[in-house]
Amino acid sequence: MIVASARFIKSAANKSHYPEPTLPEIAFAGRSNVGKSSLINTLVNRKRLVKTSSTPGRTQLINFFDINDAVIFVDLPGYGYARVPEKIRKQWGPMIETYLSTRSTLQGVVVILDIRRTPGVEERDLLAWLDSQGIPALPVLTKVDKLSKTKAAKQRAAIARDLGVPSDLLILFSAQTRQGKDAVLDAIADRCGLTAPAEEEPAP
Ligand SMILES: Nc1nc2c(ncn2[C@@H]2O[C@H](COP(=O)(O)OP(=O)(O)O)[C@@H](O)[C@H]2O)c(=O)[nH]1
Ligand SMILES: [Mg+2]
């Protein structure tokens, strides 16, 4: 999939504020600071379509973006940030769960994991819950530029074992080098049934 256009649609705190469910939708989830904003910005070739904010503790919203007038990307609030006040943390779960369990156009969730970390309880819970709801997960291991090739391959295998999924299901990604960008976009296009545009013949 080639991203030709990307624009912010709206933010929503609850269902009544979601945009009309017309286009296929892909949501992005991950713990705070995992690199979710950087991943989305890389996919859409923009520096700051999604703000890479470093102020946890604010009430967070679900943000909707139109991509190519063909698919909607949904930036879910980051989870698992210990410094977030309990009151705010408590409203995240329901907000994300309501979205994921009721959104009729949702085609899959890109679950972003740091390649250097063993998946925590939040990640395992999220993946198990998506599975129980029949929502396909697209797991992506980000920040691969932080590890050597050998170490990255080892971590990929370890995380796959940990999650009980085949290793080649885990896409290796880096916002710094853009490694894995096309693999993520292709997985998304595949999930949404968007066929790749035919290669144009070079002009004679
Ligand atoms: N080296 C490296 N740093 C990254 C990568 N992705 C994100 N970061 C850094 O990780 C921090 C958190 O990134 P951000 O996208 O804001 O994370 P978010 O909280 O999940 O949205 C920032 O300092 C980014 O520059 C990556 O692929 N490689
Ligand atoms: Mg972010």
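No hydrogens, no waters, no symmetry mates; every other heavy atom, side chains included, goes into these values. One-based numbering, in listed order, for ligands and for the atoms of each.
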Taking both backbone and side-chain atoms into account, decide whether N33 has an N/O/S atom under 2.8 Å from the Mg ion (ligand 2).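 Looking at N33, which is the residue asked about, there is no N, O or S atom under 2.8 Å from the Mg ion (ligand 2).
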Suppose we screen for side-chain hydrogen bond (donor to acceptor under 3.5 Å, both in side chains). Which residues come up paired with D145, at least two apart in sequence or across chains?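 If we apply the side-chain hydrogen bond (donor to acceptor under 3.5 Å, both in side chains) test to D145, skipping adjacent residues, the hits are S174.
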Counting only nitrogen or oxygen atoms and a 3.5 angstrom limit, does F173 reach ligand 1? no
Should S32 be counted as touching ligand 1, given the test is an N or O pair under 3.5 Å?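 By distance alone, the answer is no.
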Relative to ligand 1, is T142 under 4.0 angstrom through side chain, backbone, both or neither, heavy atoms considered? side chain
Ring centres under 6.0 angstrom apart (Y99, Y18): yes
Is the closest heavy-atom distance from G78 to ligand 1 below 4.0 Å?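 Contact check G78 vs ligand 1: negative.
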Do the side chain of K36 and the main chain of V111 share a donor and acceptor less than 3.5 angstrom apart? no
Under a plain distance cut-off of 3.5 Å, with no hydrogens placed, do K51 and N41 share a side-chain donor-acceptor pair? no
Heavy atoms only: which of D145, L141, I115 lies closest to atom 1 (N) of ligand 1?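 When every heavy atom of D145, L141, I115 is considered, D145 comes closest to atom 1 (N) of ligand 1.
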What pairs with R48 under side chain to side chain contact (heavy atoms under 4.5 Å, CB included), at least two apart in sequence or on another chain? none
Which heavy-atom pair separates K181 from L43 by the least distance, and what is that distance?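 The answer is O-CD2, 3.8 Å.
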Between D162 and R124 (salt bridge meaning N to carboxylate O under 4.0 Å), is one present in this structure? yes
Ligand 1 atoms in contact with [X] (distance to a heavy atom under 4.0 Å):
X	result
K36	15 (O), 17 (O), 18 (P), 20 (O), 21 (O)
S174	27 (O)
S37	15 (O), 18 (P), 21 (O)

